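This report concerns only the one structure given below.
Hydrogens, waters and symmetry mates play no part in the numbers below; they use all other heavy atoms, side chains included. All of these numbers come straight from a predicted model, not from anything done at the bench.
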Amino acid sequence: MNEYGIKSETASIADNGLKHVANAYWNLSPSELVEQTIIQEEGLLSDTGALAVDTGQFTGRSPKDKFIVCDEKTEKSVWWGEINIKFSPEKFDKIYNRVCAYLGGKDVYVRDSYACADPAYRLNIRVITEAPWQNLFANNLFLRPTLEEIKTQVPDWTILAVPDFLADPEIDGTRQANFAILNFTKKIILIGGTAYTGEIKKGIFSVLNYILPHDKHVLSMHCSANIGKKGDTAIFFGLSGTGKTTLSADPERGLIGDDEHGWSDNSVFNFEGGCYAKCVNLSKEKEPEIFNAIKFGALLENINFYEGSSIVDYENITKTENTRVAYPIDFIENSVEPSIGKIPKNIFFLTADAFGVLPPISKLDTGQAMYHFISGYTAKVAGTEVGINEPQTTFSACFGKAFLPLHPTKYAELLGRKLKENKVNVWLVNTGWSGGCYGVGSRIKLAYTRAIITAALNGEFDKVHFETLPIFGLEIPLACPNVPSEILNPRNTWDDKNAYDSKANQLAAAFVKNFEQYADFANEEIMAAAPKVIEVA
């Protein structure tokens with residue numbers, strides 16, 4: 001085995017069972033990884049210098065093929081079920097050995113990196129990949145140690161990502177040829193049969209979602225975070241389409257991070273060193289920060305070029321709607337370094353309520369915050385098929401159900417404790433519809449939502465009176481600068497008030513139905529915050 005590049009004097013991938021690989025390329029620079037990718041004809045440069053690759057069959061995560069090794073450490077602590085699927089230690093050892101044997105005589109790319117910008121919670125990571133562009137992804141998304149740090153760094157966790165190894169379900173115990181397996185005892189993430197790099201990123205997120213709350217009493221969060229000029233931190237939770245990226249990318253505030261954070265007793269800190277942004281319909285006008293970050297060193301996935309050119313056609317989604325770009329966070333002009341903020345002053349739960357029921361903004365008490373955190377609600381508009389206009393409810397616990405090794409109530413109770421200890425304002429913000437549901441009403445103007453967020457950040461709502469919205473029991477302000485007061489109470493925007501009441505009851509019932517799966521583990525304070533379905537005259 002030949003080894004190249006900068007590494008610790010004691011570092012060896014032979015420790016991972018990979019003593020028979022041909023060459024191990026350690027900590028290559030982005031330029032070297034791009035060059036290797038192009039030489040191997042696995043990628044092309046776009047007109048802006050970004051490297052463009054295809055991830056093959058899988059252009060997104062495969063949740064049904066994510067497993068956790070069930071052993072003495074995890075058996076009684078992990079939330080087992082359709083999200084966290086059991087995998088035996090014996091089967092893990094067998095498939096791991098088969099992957100190592102497969103890599104015999106092949107080149108691999110090794111990167112030493114880490115997660116968690118707060119040094120108190122730093123998690124050293126070694127990423128071993130089959131393809132050079134996968135290693136570029138790891139360079140961009142994880143935090144990058146200095147050359148001096150690399151010389152002494154010892155990994156806490158190892159990721160082995162081998163897309164061309166296909167599992168045999170009968171031999172390996174997987175569901176199909178692709179897999180992502182987390183072993184908390186051996187501290188290994190094993191990924192095979194898929195080249196989608198999001199599996200690498202979310203593997204470590206799942207690890208942190210276990211060890212930080214379970215072992216460190218740090219709340220792990222699927223959210224974006226920014227910081228004001230006075231040092232005030234704000235956190236934004238929200239599922240896809242709710243405006244999380246747009247609303248957190250405020251030119252007046254520094255970006256701590258756009259996707260994954262921890263909340264300790266002293267700080268809010270980014271888990272990552274980069275961004276993994278969606279590219280569909282991207283334009284310089286709509287998302288200038290992301291658009292300008294797509295330059296040399298960035299990694300584009302599954303995009304299409306305009307025919308006969310190297311110019312990216314961001315509207316072309318023939319490969320997938322989930323086109324992506326991965327880049328270091330310092331490619332964003334207003335990012336802060338290190339990616340750490342103080343205890344949050346404001347938290348925003350963003351929802352695009354296509355039923356037109358929820359108010360543009362409401363203030364949540366601690367019980368409501370825990371309830372809505374566990375619910376993780378938004379509503380997606382049904383497909384464009386003629387005659388189907390009814391929105392569809394979407395719930396994702398803690399705004400990231402797919403990545404939670406622990407029961408959602410564990411995260412919610414930790415959130416509740418931190419809210420009480422630090423007197424944080426929690427706001428539920430509807431970026432969806434007003435004046436009726438989708439097809440009748442209209443979407444709340446982005447300018448109004450921005451004004452609402454600004455008002456909350458500036459403490460404007462400390463100066464106004466609130467009223468309580470029936471059914472959901474939400475406290476809504478009676479006035480907001482630069483926002484028409486008549487839209488603050490959603491019922492007032494509906495021509496047919498009885499229709500509003502009916503739709504509100506319908507949504508409340510959906511919340512209650514969804515929460516049944518968590519009710520046995522939720523405390524009284526959380527359960528008391530559930531919406532109350534009422535009789536409609």
Open item on the list: For Gly435, is there any backbone N or O sitting under 3.5 Å from a side-chain donor or acceptor partner on Thr493?
Closed with: yes

TODO: State whether Tyr276 and Arg324 meet the cation-pi test: NZ (Lys) or CZ (Arg) under 6.0 Å from the six-membered ring centroid, and within 45° of the perpendicular axis.
DONE: yes

Task: Shortest non-hydrogen separation from Ser248 to Asn226 and the atoms involved - done: O-ND2, 3.0 Å

Open item on the list: Could you check whether Asp118 and Ser267, counting side-chain N and O atoms only, form a donor-acceptor pair closer than 3.5 Å?
Closed with: yes

TODO: Examine distances only and state if a side-chain atom of Ser396 and a backbone atom of Lys401 form a donor-acceptor pair shorter than 3.5 Å.
DONE: yes

Open item on the list: Taking Asn124's backbone N and O only, do any of them form a donor-acceptor pair with Asp156's side chain (distance below 3.5 Å, no angle check)?
Closed with: yes

Open item on the list: Show, in sequence, the C-alpha distance, side-chain angles and deciding distance for Trp157 and Phe184, and conclude whether the ring pair (Phe, Tyr, Trp, His ring centres under 6.0 Å) test is met.
Closed with: CA-CA 9 Å; Trp157 274 76; Phe184 281 93; 5.5 Å; yes

Open item on the list: Is it the case that the side chain of Asn422 and the backbone of Val424 share a donor-acceptor pair, with hydrogens and angles ignored and the cut-off at 3.5 Å?
Closed with: no

Task: Polar side-chain atom of Lys418 near backbone of Trp263 as donor-acceptor pair, under 3.5 Å - done: yes

Open item on the list: Taking the ring centre of each residue, are Phe511 and Phe395 less than 6.0 Å apart?
Closed with: yes

Open item on the list: With a 6.0 Å cut-off on the ring centroids, do Trp427 and Phe461 count as close?
Closed with: yes

Open item on the list: Strictly distance-based, threshold 3.5 Å: is any side-chain N or O of Arg122 a donor or acceptor partner for the main-chain N or O of Ala117?
Closed with: no

TODO: Please check if any side-chain donor atom of Asn514 sits under 3.5 Å from a side-chain acceptor atom of Gln517, or the reverse.
DONE: yes

Open item on the list: If the threshold is 4.0 Å, N to carboxylate O, is there a salt bridge linking Glu460 and Lys463?
Closed with: yes

Open item on the list: Just so I know, are the side chains of Val69 and Leu182 near enough to count as touching, which here means a heavy-atom distance under 4.5 Å?
Closed with: no

Task: Option among Phe237, Phe399, Phe403 that satisfies the ring-ring contact (aromatic ring centres under 6.0 Å, His included) test with His222 - done: Phe403

Open item on the list: Using modelled atom types and a 3.5 Å cut-off, is there a donor and acceptor pairing between side-chain atoms of Glu199 and backbone atoms of Ser62?
Closed with: yes

TODO: I would like to know whether Leu247 and Thr449 meet side chain to side chain contact (heavy atoms under 4.5 Å, CB included); could you show each step before the answer?
DONE: CA-CA 8 Å; Leu247 293 169; Thr449 303; 3.8 Å; yes

Open item on the list: Using the salt bridge (charged side-chain N to carboxylate O under 4.0 Å, His left out) criterion, which residues pair with Glu486? Sequence neighbours excluded.
Closed with: none

Task: Asn482 atom CG, over 12 foreign heavy atoms within 6.0 Å - done: no

Task: Steps toward ring pair (Phe, Tyr, Trp, His ring centres under 6.0 Å) verdict (Phe67, Phe87) - done: CA-CA 6 Å; Phe67 307 92; Phe87 204 82; 5.2 Å; yes

Task: Contact check, side chains of Leu282 and Ile294, non-hydrogen atoms, under 4.5 Å - done: yes

Task: N-O pairing of Asp250 and Arg450 below 4.0 Å - done: no

TODO: Identify whether the distance between the nearest side-chain nitrogen and carboxylate oxygen of Lys278 and Glu301 falls below 4.0 Å.
DONE: no

Task: Distance-only side-chain donor-acceptor flag, Thr74 / Ser77, under 3.5 Å - done: no

- [ ] Look at the side chain of Thr320 and the backbone N and O of Thr323, then say whether any donor-acceptor pair between them is shorter than 3.5 Å.
- [x] no

Open item on the list: Surrounding NZ of Lys216 (heavy atoms of other residues, nucleotides or ligands, distance under 6.0 Å), is the total greater than 12?
Closed with: no

Open item on the list: More than 12 heavy atoms of other residues, nucleotides or ligands under 6.0 Å from NZ of Lys532: yes or no?
Closed with: yes

Open item on the list: Would you say the ring centers of Phe521 and Tyr518 fall short of 6.0 Å from each other?
Closed with: no

- [ ] Scan residues 353-372 for pairs that pass side chain to side chain donor-acceptor pair (under 3.5 Å), counting only residues two or more places apart or in two chains.
- [x] Asp353-Tyr377, Lys363-Asn425

Open item on the list: Counting neighbours of CD on Gln506 that are heavy atoms of other residues, nucleotides or ligands and sit closer than 6.0 Å, is the number greater than 12?
Closed with: yes

Task: Partner set under salt bridge (charged side-chain N to carboxylate O under 4.0 Å, His left out) for Asp259, not counting sequence neighbours - done: Lys201, Lys202, Lys244

Open item on the list: For Val357, is there any backbone N or O sitting under 3.5 Å from a side-chain donor or acceptor partner on Tyr500?
Closed with: yes

Open item on the list: Counting C-beta onward and ignoring hydrogens, is there a side-chain heavy-atom pair between Leu457 and Phe348 closer than 4.5 Å?
Closed with: yes

Task: pair Tyr314-Val280: side-chain heavy atoms closer than 4.5 Å - done: no

Open item on the list: Whether the side chain of Tyr411 engages the backbone of Leu406 through a donor-acceptor N/O pair (distance < 3.5 Å, no angle test) should be reported.
Closed with: yes

Task: Residue among Asp232, Thr233, Asn334 satisfying side-chain hydrogen bond (donor to acceptor under 3.5 Å, both in side chains) with Arg253 - done: Asp232

- [ ] Count the heavy atoms belonging to other residues, nucleotides or ligands that lie under 6.0 Å from CD of Glu421, then report whether that count exceeds 12.
- [x] yes

TODO: Tell me yes or no: between the side chains of Thr59 and Asn302, is some donor less than 3.5 Å from an acceptor?
DONE: no

Open item on the list: Atom OH of residue position Tyr121 - does it have more than 12 heavy atoms of other residues, nucleotides or ligands inside 6.0 Å?
Closed with: yes

TODO: Indicate whether any N or O donor in one side chain lies under 3.5 Å from an N or O acceptor in the other, for Asn489 and Glu467.
DONE: yes

Task: Flag if over 12 foreign heavy atoms under 6.0 Å of CD, Glu337 - done: no

Task: Distance-only side-chain donor-acceptor flag, Thr318 / Asn304, under 3.5 Å - done: yes

Open item on the list: Tell me whether Asp215 at atom CG has more than 12 heavy atoms from other residues, nucleotides or ligands lying less than 6.0 Å away.
Closed with: yes

Open item on the list: For a quick test of reading the model, state the closest non-hydrogen atom pair linking Asn209 to Leu404 and the distance between them.
Closed with: ND2-CD2, 4.2 Å

